[in-house]
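As structure tokens, the structure follows; a few thoughts come after it.
In each ligand, atom 1 is the first atom listed, and ligand 1 is the first ligand listed.
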Amino acid sequence: MKTIDITGLKLVALRDVQGALAAGASRVLTAENCVVTPSARDFLTQHNIAIDSSGVTRSAAEPPRNGSTSASGAYGSSAPAKARSAANPKLFYTPEAEAIKKEICAVGRKLWMRQFVDGNGGNISYRIGPNEVICTPTLVSKFDLTPEDLSLVDLDGNQVAGVRPRTSEIFLHLEIYKAVPEAKAAVHCHPPHATAYAITGRVPPNLVIPEFEVFIGKVAISPYETPGTTAFAQTVLPFVKDHNTVLLSNHGIVCWADTVTHAEWYAEVLETYCWTLMLASQLGAPISHISEQKGNDLLAIKKKLGLPDVRFDTSKMKECQLSDLEVPGSIALSPRASECAGASPTAADLEKLVKSVTDAVMGAIGAQ
Ligand SMILES: [Zn+2]
């Protein structure tokens, strides 16, 4: 028997018991003095879920008791919805929603396996309706996600279905959905090599690897703000229309796409790109670049795929060269070969350098 603890609720409504059913409850524990709406009572009877009203009222901050699981309203989602929140909780239980939930769980495991998230870090969401977004819960490893762990929220972040409390970083996703109608899915994670760029305030250069140009192109970097706050969520607003991937300063990355799987692909493409650039920087040879002419071919492919790129806007192009090696802050690991012409060290220079190092070492040995 699985008991769901909803003793945090003073009023148990239909959506609360729907959440309990979705979590596989065969019994719900309510607070003694709470009110259960008739539709919630009918729903429980219909689904053979027992109701135990002997519970002691629990505050939202308290964890569920006796190993039972908390339910949606226990953390405040049963608060009256605002005027714009006409979210439909039924969307959380449709066949489409069930497929999306499975996809989110699969993507969560990919993120964890690739070490893009650690602890309970990272979050994933999908906009299933005009005012309905399925998202991951807080405090669950992305490896361990099950469809029952997910939640449904409206565009204001109010939880309308699901047993576990939604991620505290949902507002980042919601700002993207509100700003970019094409965005149907968002993935936020902390991949180490991309995050290394994010903590140095640098963006990777362009025109090095075709796949990166097509799927991501120019990466934006948003300023730091405390995670979970509205201010943090809004840091990406200046960038998300023209960029499907944003580095979050001192934090991680966020990607949006038409599907959850594609948003995760962008995280993979960016992370591998950053990693490859770092490896190449250790080889001691300059990185060669794709020509701007060939780069335009890649941009054409990108346009056909319907992916956003700031370089499509010619007015923005003036400020932003196709190759941004010259832009301050880009990680211009080494200048292009052509830019090195005449600047390469000569054999005489190298000999001089070797001699000065040798002299210094010999001097140090002699001084002992
Ligand atoms: Zn984060």
Side-chain angles (χ1 to χ4, degrees), residues 75 103-127 133-145 149-151 153 155-157 159 162 164-180 183 185-204 216 219-240 243-257 260-275:
Y75 35 81
E103 188 181 356
I104 290 176
C105 295
V107 159
R109 276 188 291 279
K110 280 188 188 178
L111 292 175
W112 190 90
M113 302 282 285
R114 290 191 62 122
Q115 303 184 0
F116 289 8
V117 288
D118 38 29
N120 64 306
N123 28 78
I124 308 160
S125 70
Y126 181 81
R127 186 177 190 177
V133 173
I134 296 179
C135 69
T136 48
T138 189
L139 294 174
V140 174
S141 162
K142 300 304 154 292
F143 183 85
D144 297 326
L145 278 182
D149 292 327
L150 305 180
S151 314
V153 297
L155 280 191
D156 293 320
Q159 187 158 341
R164 287 187 180 273
R166 54 137 176 85
T167 168
S168 59
E169 284 183 3
I170 190 62
F171 298 105
L172 173 67
H173 301 237
L174 298 177
E175 288 298 336
I176 294 173
Y177 296 133
K178 284 187 268 189
V180 189
V187 167
H188 160 60
C189 55
H190 314 138
H193 298 89
T195 305
Y197 277 81
I199 65 172
T200 53
R202 293 188 161 208
V203 294
I216 297 179
V219 181
I221 184 158
S222 64
Y224 179 80
E225 268 298 341
T226 306
T229 62
T230 309
F232 165 65
Q234 292 178 344
T235 57
V236 299
L237 282 180
F239 313 107
V240 285
H243 303 263
N244 58 13
T245 304
V246 180
L247 291 171
L248 309 167
S249 284
N250 294 86
H251 187 160
I253 70 167
V254 65
C255 310
W256 66 260
V260 176
T261 298
H262 290 166
E264 197 271 343
W265 283 3
Y266 300 159
E268 289 185 14
V269 171
L270 174 64
E271 169 64 4
T272 302
Y273 188 67
C274 292
W275 192 2

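Test T138, T136, N123 against E169 for side chain to side chain donor-acceptor pair (under 3.5 Å) and you get one pass: N123.
Counting heavy atoms from C-beta on, the side chains of N244 and H262 never come closer than 4.5 Å.
In this structure, E271 does not pair ionically with R114, as no charged nitrogen and carboxylate oxygen lie closer than 4.0 Å.
Note on ring orientation: taking the six-membered ring where Trp is involved, the planes of H190 and H251 are tilted (angle from 30° to 60°).
The CG atom of L270 sits 5.0 Å away from the CD1 atom of I253 when rounded to the nearest 0.5 Å.
The minimum heavy-atom distance linking A185 with V260 is given by the pair CB-N, 3.3 Å.
With a cut-off of 2.8 Å, the protein N/O/S atoms near the Zn ion (ligand 1) add up to 3.
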